[in-house]
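Residue indices begin at 1 and follow the sequence shown.
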Amino acid sequence: MATSIAAGSSNLHFKEMVCRGQGCRQTSRVSGVAFQRFVHQQPSWLCGSKFLQVKRCNISCSPLNVNSKPLKTVNASCLRDGTTKYFDFAVIGSGVAGLRYALEVAKQGTVAVITKAEPHESNTNYAQGGVSAVLCPSDSVENHMRDTIVAGAYLCDDETVRVVCTEGPDRIRELIAMGASFDHGEDGNLHLAREGGHSHHRIVHAADMTGREIERALLEAVINDPNIFMFEHHFAIDLLTSQDGSDTVCHGVDTLNTETQEVIRFISKVTLLASGGAGHIYPTTTNPPVATGDGMAMAHRAQAVISNMEFVQFHPTALADEGLPITPSKTRENAFLITEAVRGDGGILYNLSMERFMPLYDEREELAPRDVVARSIDDQLKKRNEKYVLLDISHKPREKILSHFPNIAAECLQYGLDITRQPIPVVPAAHYMCGGVRAGLQGETNVRGLYVAGEVACTGLHGANRLASNSLLEALVFARRAVQPSIDHMKGSKLDQNASDWWDRPVPVSVGRDVLGKIVRSTREVRKELQSIMWEYVGIVRSTTRLNTAEQRIGELELRWEAYLFQQGWEPNMVGLEACEMRNLFCCAKLVVSSALARHESRGLHYTIDFPNVEESKRLPTIIFPCSTVNNSTWSSRQLHKQHK
């Protein structure tokens, strides 16, 4: 793969490439790049032809053309039996982005919503804080834009920011019209909260369970739509792609039904990737267990452009179980989030000596953006050799605390902690990937027929750090913006009933129960080791030496794991849930490390002690563009199907 700091806030031009071993890392030699705030250059999706190479990389990249020639022959039909299913639209993921998109495109064709677990098991469902939108007369789109760009360390794509902040209020009104119920104040208007990094009250919320309420409303509408078919417990393995000249074309996705262990192939005219993030590359994350970076890894293997993967947001305040009066009996699969809104409502951070520390780090104190707060907590923990800090909201009226944060209060009370009287033990946890699959203003990618929305996408909205409550907003806006080009593409496309035969089909694992048990146990240990490496060497504060160590250790761990797999009788085309998740975790971890090594400055969520300052010349997105000679020496780097010639 090629890693580059690209010239221009939304261009994919490359300037210099250094290829090492079997992968390529690009470094930037860009001069005279001017940045004008709120001025946009349209994404060109074109690769520059000038770069220095140590090893030949035959990069193929062409302009995206949604209206290019249609796929082959015969009309689409929707088959709901057998191992191949044909749909107009395939949606991978059942969070806010996937469901909102499905409801719109279903007006024009058949839709498969493919979800890894239960439909509600998504990052959306765990989002506590709310959705940010300009709904107050004293606020403005310009204020929201400014807050987003400042939080994003001036790396945001200006036109994307303008589009999202402008269209956001309408997306909220649509949710309300669909039956989503948000909190209202005594005056009857929506109650708008304020969170870190926001200059105004603009967070629409449903107590501290906003994501759950949005998911409920969307799922209810989806279930009642006769054109939408939900496929639960279908794990997406790899996108089905072909080459049309220099273009890569997406035709659907292979999945594993994790209940029947059947491989089910979905052939579709249009595919939306809305599969969420990759929080589980770290040992502690607020993400649900399904967030193993499947979409990012699949897209990378399918030759999609990846961007800004070094910017991993650590939420400053996840519940620190070891600080609770009653320790939970078993380790959580995902950390319990203490929403930003607690600090927005006046919560104060203390170290274990009850010393308030945020004023030492930032004049915005507890209302500083997340990257600042997370680094400040990390610094306190390291300096004081402590495991957690304290977040105190108990000085506020009891009734207000319980009405605003009923879910948090109930969770803490289970373990003997009354948040109306005692401070909450908190620690940073991996929370959100600001990077992902590079998307244009309609959610389009450089792979024809493939659109992205939600956390899996990198639209340029978040820049180097996401502003609180902008994630659900981005998902809603881009899910809606992807609709019309998707419909246009669908209407100009045909499905070939023989398309399923274009690729070899992956096969469910068949190595015997005892051997499979050994493989699963080994894979779980490898997963823990990868997570430990990422936290130790690619965490909140980084260095070049530590990143290089991570790169080496991850590479060695991956090769050792794959060797063990194949020694046990695993075949390259075999699929099983734990192993396929592991290959995706390896893929995403490597993307994060490569991107971090390419950025020689500290900006937003990427802080390195070797380059501690912000460099104006480096205010450019990081781009990972896979070469045709992409590093496919490892199992995680290869698509599991082979296309027939």
Side-chain angles (χ1 to χ4, degrees), residues 96 99-100 103 124-148 150-151 161-221 337-347 364 366-367 369 393 395-409 419-420 461 466-477 479-480:
V96 61
L99 296 183
R100 189 68 193 89
L103 285 166
T124 298
N125 208 43
Y126 288 80
Q128 293 180 354
V131 190
S132 60
V134 176
L135 294 164
C136 173
S138 63
D139 198 2
S140 69
V141 168
E142 287 70 25
N143 286 334
H144 193 181
M145 289 175 66
R146 187 179 303 109
D147 292 345
T148 298
V150 169
V161 175
R162 181 177 291 281
V163 160
V164 172
C165 295
T166 301
E167 297 180 7
D170 284 343
R171 301 293 83 84
I172 299 291
R173 294 182 189 107
E174 287 171 356
L175 284 179
I176 293 169
M178 291 172 62
S181 178
F182 299 113
D183 289 359
H184 288 70
E186 292 177 2
D187 60 0
N189 293 320
L190 284 168
H191 181 271
L192 302 176
R194 183 182 173 194
E195 296 181 349
H198 288 274
S199 59
H200 290 70
H201 288 76
R202 63 169 73 100
I203 314 302
V204 180
H205 62 98
D208 57 351
M209 296 170 280
T210 308
R212 191 179 303 175
E213 172 57 18
I214 293 172
E215 185 81 359
R216 180 204 62 75
L218 291 174
L219 269 175
E220 196 170 289
L337 178 67
I338 305 298
T339 174
E340 189 115 12
V342 174
R343 287 185 286 118
D345 260 18
R364 292 164 290 186
E366 279 78 10
L367 289 179
I393 191 71
H395 52 281
K396 294 291 180 178
R398 175 182 173 84
E399 298 74 23
K400 183 178 179 183
I401 295 170
L402 294 178
S403 66
H404 283 193
F405 310 113
N407 193 37
I408 293 171
I419 69 169
T420 67
L461 174 69
R466 176 174 71 86
L467 181 65
S469 289
N470 265 3
S471 54
L472 291 176
L473 176 70
E474 178 198 40
L476 287 166
V477 169
R480 194 68 185 76

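A salt bridge links Glu213 with Arg216: the distance from a Lys NZ or Arg NE/NH1/NH2 to an Asp or Glu carboxylate oxygen falls below 4.0 Å.
Judged as a salt bridge (charged side-chain N to carboxylate O under 4.0 Å, His left out), and not counting sequence neighbours, Glu474 has no contacts. By the side-chain contact (heavy atoms from CB on, under 4.5 Å) test, Pro137 is found to be paired with no residue, residues two or more places apart in sequence or in another chain being considered. For the salt bridge (charged side-chain N to carboxylate O under 4.0 Å, His left out) test, residues two or more places apart in sequence or in another chain that qualify with Arg171 are Glu167, Glu174. For His184, the side-chain contact (heavy atoms from CB on, under 4.5 Å) criterion is met by Leu190, not counting sequence neighbours. With sequence neighbours excluded, no residue forms a side chain to side chain donor-acceptor pair (under 3.5 Å) with Ser181. With sequence neighbours left out, the side-chain contact (heavy atoms from CB on, under 4.5 Å) criterion links His200 to Ser138, Asp139, Asn143, Arg202.
In terms of heavy atoms, Leu467 sits closest to Ala151 at CD1-CB, 3.9 Å. The two residues Val96 and Ala475 come nearest to each other via the heavy atoms CG1-CB, 3.5 Å. Taking all atoms of both residues into account, the shortest heavy-atom contact from Lys396 to Gly346 is CE-CA, 4.1 Å. Arg364 and Val150 make their closest contact through NH1-CG1, 4.3 Å (heavy atoms, listed as atom of the first residue, atom of the second, distance). In terms of heavy atoms, Ala133 sits closest to Gly168 at CB-C, 4.2 Å. For the residue pair Thr210 and Val204, the shortest heavy atom distance occurs at CG2-O, 4.0 Å.
Ring orientation note: the planes of His205 and His191 are nearly perpendicular, at an angle over 60° on the 30°/60° scale.
In this structure, Ser403 contributes its side chain and Lys400 its backbone to a donor-acceptor pair below 3.5 Å.
Ser199 and Arg146 share no side-chain donor-acceptor pair at under 3.5 Å.
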